Amino acid sequence: MMSPKDYIDKNKKRFIDELIELLKMPSVSADPSFKKDVLNTADAVKDSLKNAGCDLVEICETPGYPIVYGEKIIDSKLPTVLIYGHYDVQPPDPIDLWDNPPFEPVIKTTEVHPDGAIFARGACDDKGQMYMHVKAMEYMTANNDLPCNVKFMIEGEEEVGSVSLEWFLERNQERLANDVILISDTGMISKDTPSITTGLRGLSYVEVEVTGPNRDLHSGLYGGAVANPINILSKMIADLHDENNHITIPGFYDKVEELSTKEREKMGEAPFDLEDYKSHIDIPEIHGEHGFTTNERGSIRPTLDVNGIWGGYIGEGAKTVIPSKAFAKISMRLVPNQDWREITELFKKHFENIAPSSVSVKVKPHHGGQAYVTPIDSTAYKAADLAFKETFGKPAIPQRSGGSIPIVSLFEKYMKSKTVLMGFGLNSDAIHSPNEHFGIWNYLKGIETIPYFYKHFTKLKMNS
Ligand code: BES
Ligand code: MN
Ligand code: MN
């Protein structure tokens with residue numbers, strides 16, 4: 001039997017070429033003008049699952065974009081691994097800032113990726129990482145090395161909130177039954193530090209509107225005597241943090257989970273260079289909640305950030321005006337035990353409360369999702385750790401990520417199974433940004449590591 005490494009060496013060029021073809025398809029779920037491309041991408045994913053050895057593949061219609069389903073059931077007494085991923089991508093904007101067109105993939109070397117990286121929208125998030133699973137499946141079926149049953153569920157709406165996926169979960173619980181869910185849609189610490197993502201943050205996204213006078217006013221005639229909604233909004237936003245950068249919303253921290261010293265210590269072992277961190281994003285100094293490290297601020301602590309703010313005159317030159325309205329989009333990243341609906345409600349109440357009587361305030365909730373955390377002593381975690389040991393020669397470091405995949409907490413609700421997040425992307429891969437890329441080394445290492453997860457998970461499960 002050929003090892004994953006030998007099989008990859010033999011098929012490397014084809015594996016890269018196939019991913020490049022997939023990346024040429026602009027499957028932007030947020031923009032309806034790409035609808036045809038999104039649907040074509042679903043078809044391409046379906047074909048790839050068939051070619052990789054799935055016995056049954058299907059395009060499952062939903063009220064939104066379809067879910068691609070595939071399976072190979074070899075023995076009902078064996079465990080079942082369910083692979084989740086997404087074939088949709090973020091909009092490529094701002095297009096001007098790409099060095100090459102976002103849907104014309106090119107391979108270029110970088111400092112972190114001397115073996116080359118594929119530059120394209122979706123290269124890392126999540127087509128490249130999702131396709132690692134398709135190629136790992138091909139290896140296992142072609143080499144008689146599939147130790148258990150496998151199901152694939154690849155969706156096309158992750159970047160817009162996975163609305164149809166919940167609809168699909170509700171209706172297909174039996175068909176999707178599994179022993180573990182495996183996802184590669186996160187990152188790793190560095191190329192020589194494998195890590196398993198043990199947590200994702202939740203999200204509450206709101207939009208606020210502050211209204212003062214019923215029309216824009218002359219700032220000389222009325223200035224100083226009438227509340228300026230932009231001044232007021234700025235002050236209200238500033239007041240959402242205190243001098244220690246704690247969030248001031250009453251009750252906001254009430255349910256925030258405290259981490260065990262053991263996990264905090266283990267997290268602290270992750271290599272981190274503050275000077276590198278600052279220079280990569282060109283900041284003179286770091287900033288954040290008092291009493292926590294940079295790593296902790298970006299993972300195990302909840303946050304509140306303004307994503308956009310507008311109002312008044314922003315055209316050429318100057319216009320003297322007191323605007324009637326001011327707006328902001330605000331997101332809160334949440335941690336385990338904080339309920340996103342409850343936090344949205346707390347925000348709304350507080351924001352209305354701190355508004356002076358000279359203005360009126362509207363809070364419009366957008367979307368949200370629960371945080372996720374998984375223990376490091378589960379069979380699933382152990383299997384992932386053993387897999388990394390085989391291909392990296394060292395155990396993985398558990399890592400809480402700051403990002404969100406809201407559907408993961410719903411998997412537990414509908415399918416009662418644990419999720420393992422084995423990510424192969426790097427923070428420098430620029431997901432959601434111009435010049436997104438995925439290292440070829442990372443891509444191939446992922447394909448190599450995944451079959452070992454199947455092997456160890458099946459072994460541990462059968463012996464438990
Ligand atoms: N794959 C990302 C989430 C991610 C990236 C988690 C890196 C951990 C490390 C996912 O596609 C994403 O972008 N999620 C969104 C939320 C969603 C509701 C649009 C996010 O985190 O902003
Ligand atoms: Mn993703
Ligand atoms: Mn994303």
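First listed ligand is number 1; within each ligand, the first listed atom is number 1. Bear in mind the structure is a predicted one, so any value in this text is a computation, not a measurement.
Rounded to the nearest 0.5 angstrom, Y69 OH and E58 CD are separated by 9.0 Å.
Regarding atom 18 (C) of ligand 1, its nearest protein heavy-atom neighbour is P406 CG, 3.7 Å. Looking at atom 6 (C) of ligand 1, its nearest protein heavy atom turns out to be G403 CA, 3.8 Å. Given atom 4 (C) of ligand 1, the protein heavy atom at minimum distance is D185 O, 3.7 Å. Ranking the protein heavy atoms by distance from atom 16 (C) of ligand 1 puts S404 O, 3.6 Å first. Looking at atom 8 (C) of ligand 1, its nearest protein heavy atom turns out to be S401 OG, 3.0 Å. The protein atom (non-hydrogen) at minimum distance from atom 11 (O) of ligand 1 is E158 OE1, 2.6 Å.
Residue R333 places a heavy atom under 4.0 Å from ligand 1. By the 4.0 Å heavy-atom criterion, Q90 is excluded from the residues contacting ligand 1. Not a single heavy atom of R201 sits closer than 4.0 Å to an atom of ligand 1. Residue contacts with ligand 1 include I431, since one of its heavy atoms falls under 4.0 Å from the ligand.
Interface atoms of ligand 1 facing H86, defined by a heavy-atom separation under 4.0 Å, are 11 (O).
Looking at S162 against ligand 1, nothing comes within 4.0 Å, counting heavy atoms. Contacts with ligand 1 closer than 4.0 Å are made by heavy atoms of both the backbone and the side chain of E159.
Protein contacts to the Mn ion (ligand 2) involving N, O or S atoms at a distance below 2.8 Å are H86 NE2, D125 OD1, D185 OD1, D185 OD2.
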>> N149 vs Y454, test: side chain to side chain contact (heavy atoms under 4.5 Å, CB included). Steps then yes/no.
In response: CA-CA 9 Å; N149 305 311; Y454 282 70; over 6 Å; no
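Under the side-chain contact (heavy atoms from CB on, under 4.5 Å) rule, H350 has a single partner from D239, V363, T248, which is T248. Of the listed residues (Y131, Y443, F388), just one forms a ring-ring contact (aromatic ring centres under 6.0 Å, His included) with F424, and that residue is F388.
Using modelled atom types, one finds a donor on one side chain and an acceptor on the other under 3.5 Å when comparing K127 with S27.
Heavy atoms from other residues, nucleotides or ligands lying under 6.0 Å from NZ of K191 number more than 12. A 6.0 Å sphere centred on NZ of K13 holds no more than 12 heavy atoms belonging to other residues, nucleotides or ligands. No more than 12 heavy atoms of other residues, nucleotides or ligands sit less than 6.0 Å from atom CG of N427. The 12-atom threshold is not exceeded at CD1 of I314, counting heavy atoms of other residues, nucleotides or ligands nearer than 6.0 Å. At most 12 heavy atoms of other shown residues, nucleotides or ligands fall within 6.0 angstrom of atom OH in Y277. Residue-environment remark: NZ (K349) stays at or below the threshold of 12 foreign heavy atoms within 6.0 Å.
With respect to R14 and E18, a salt bridge is recorded, a charged nitrogen being found less than 4.0 Å from a carboxylate O.
Remark: F457 pairs with F453 by the ring pair (Phe, Tyr, Trp, His ring centres under 6.0 Å) rule, at least two apart or across chains.
The name of the N, O or S atom in H432 nearest to the Mn ion (ligand 3) is NE2.
Between D125 and ligand 1, a contact under 3.5 Å exists for at least one N or O pair.
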